[in-house]
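As structure tokens, the structure follows; a few thoughts come after it.
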Protein chains: 2
Amino acid sequence: MTEQVNQQRDEPGGRFDAILDAAEQVFADSGYDGTALREIAGKAGVAQGLIHYHFDNKAGLFERVVARRSGQINEARAENLEKLRAEGTLRLEDIVEALFRPTIEAGIELAEDGGSFSRILVSLANSTDPMAQSLTETYYDPIAQNYIAALQQAEPALSRADAVWAYMFAIGVGMTMMAKTGRPKRLSDGLCDDGDADLMLARIVPFICGGVRALT
Amino acid sequence: MTEQVNQQRDEPGGRFDAILDAAEQVFADSGYDGTALREIAGKAGVAQGLIHYHFDNKAGLFERVVARRSGQINEARAENLEKLRAEGTLRLEDIVEALFRPTIEAGIELAEDGGSFSRILVSLANSTDPMAQSLTETYYDPIAQNYIAALQQAEPALSRADAVWAYMFAIGVGMTMMAKTGRPKRLSDGLCDDGDADLMLARIVPFICGGVRALT
DNA sequence: GTCTATAGTTCGATAGAC
DNA sequence: GTCTATCGAACTATAGAC
């Protein structure tokens, strides 16, 4: 068997991944409806038809973009939680840190842009669109249940309902970091930078933990 | 001067307001880019051309939709805060309540839908689009500064930067109420209903207050 | 696997009658 | 102030050559 005309789908650096990378950026910047496949093809340096060959249609491409990073993020989230459980007592602070750290690292993975994927996550979390709902259900509800259970373990006084609320509120707080609108800087005359993920985590973790404990 | 052929722009119940009402629903359901002016015209029972006569273009219509409710919401927010200041000591709990109550009441104003406008607010707050940024700056940054100052008054140990973070995080938590995705119900087997604004406020207020105090 | 070319649809906006 | 009719642009998706 001789070598193929071009690279396979699973070899990084090929056309397939170039499309995914470009799509991630454009979907993040312009939203699903605001995105034109032409622009993705242009940024990826491929013909528009190739997108349909690999991903069928726009929805298929979007789902692949979400699936790729969601896999990385949620595997890391699960591993982080496993490690904490293995170490013994679950501390609330560690749980929150374990929840958000992987989204940060997935966000800055693409060097040139400012962390595209996290912005896709924000729109996914807030959308009532059936496709968005379905993707959330598939990729994020299972790990959510995992963390909700962990919250209750760390704070036994928390009811089941309040653990769910706590998780939802935590995600809401985290979205102010992932949206990267620049609004904190504007409101604070440059004092607060929502582009600095480590700085933000140092404020987000105590805020959420204080909030959760106030629910008990 | 005899009576006009039809109602004026400032008379409720006229074509002008019918367009705004329909636009609010469709923009909330489908997002800005996902919205077709045809659908708005259809729902409002008017010709598509009338939208351009009254609002010039799609962007103009959207801005008017935002402006209308934002005026109501932020006047109420300002009044609430004034009242608290007049009463004497500022309690953190009252400030948070004063911040979110008006968005709830604006949300349920239109009877038939489930509070459309709050969903527009969510997408506005998370968008990096220039038009969204500009609208946020115009309508929501001034009142934000007002509440940030109030947070510092209520909790003097809070630094200016942390007061800005606290405000941002509070908005993030509030968005889990305004997005109305139904996810809390799904994650809790029906225990948590994000459609019940009063129930949510009873959990959001203590959560945020606990979070803010943890920042000091 | 990748490209070019284009079909077919939908959309925002305009022109002009009433 | 409101409607009908339509233009022109943009988009997704497909067909077919290589």
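All heavy atoms count here, side chains included; hydrogens, waters and symmetry mates do not.
For the pair A:Tyr53 OH and C:dC3 P, the interatomic distance rounds to 12 Å; values are reported in whole Å. Distance CZ (B:Arg15) to C1' (D:dC3): 10 Å, rounded to an integer number of Å.
By the side-chain hydrogen bond (donor to acceptor under 3.5 Å, both in side chains) test, B:Gln145 is found to be paired with B:Arg160, residues two or more places apart in sequence or in another chain being considered. Taking the side-chain contact (heavy atoms from CB on, under 4.5 Å) definition, one finds that A:Ser70 meets it with A:Val66, A:Asn74, A:Phe117, A:Tyr139, A:Tyr140, sequence neighbours left out. Every residue meeting the side-chain hydrogen bond (donor to acceptor under 3.5 Å, both in side chains) condition with B:Glu97, not counting sequence neighbours, appears here in chain and number order: B:Arg101. For the side-chain contact (heavy atoms from CB on, under 4.5 Å) test, residues two or more places apart in sequence or in another chain that qualify with B:Ala149 are B:Arg85.
Screening residues 176-207 of chain A for ring pair (Phe, Tyr, Trp, His ring centres under 6.0 Å) gives A:Phe207-B:Phe169 as the qualifying pairs, with residues at least two apart or on separate chains. Listed by first then second residue, pairs satisfying salt bridge (charged side-chain N to carboxylate O under 4.0 Å, His left out) with a partner in residues 49-61 of chain A number zero, not counting sequence neighbours. Pairs of residues two or more places apart, or lying in two chains, never qualify as side-chain hydrogen bond (donor to acceptor under 3.5 Å, both in side chains) while including a residue from residues 38-47 of chain A.
Remark: B:Arg203 engages A:Asp162 in a salt bridge, criterion side-chain N to carboxylate O under 4.0 Å.
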| task | Report, as a single string ordered 5' to 3', how protein heavy atoms within less than 4.0 Å touch nucleotides 12-18 of chain C: B base, S sugar-phosphate only, - not at all. | result | BBB----
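Taking every heavy atom of residues 39-47 of chain B and every atom of DNA chain C, no pair lies under 4.0 Å.
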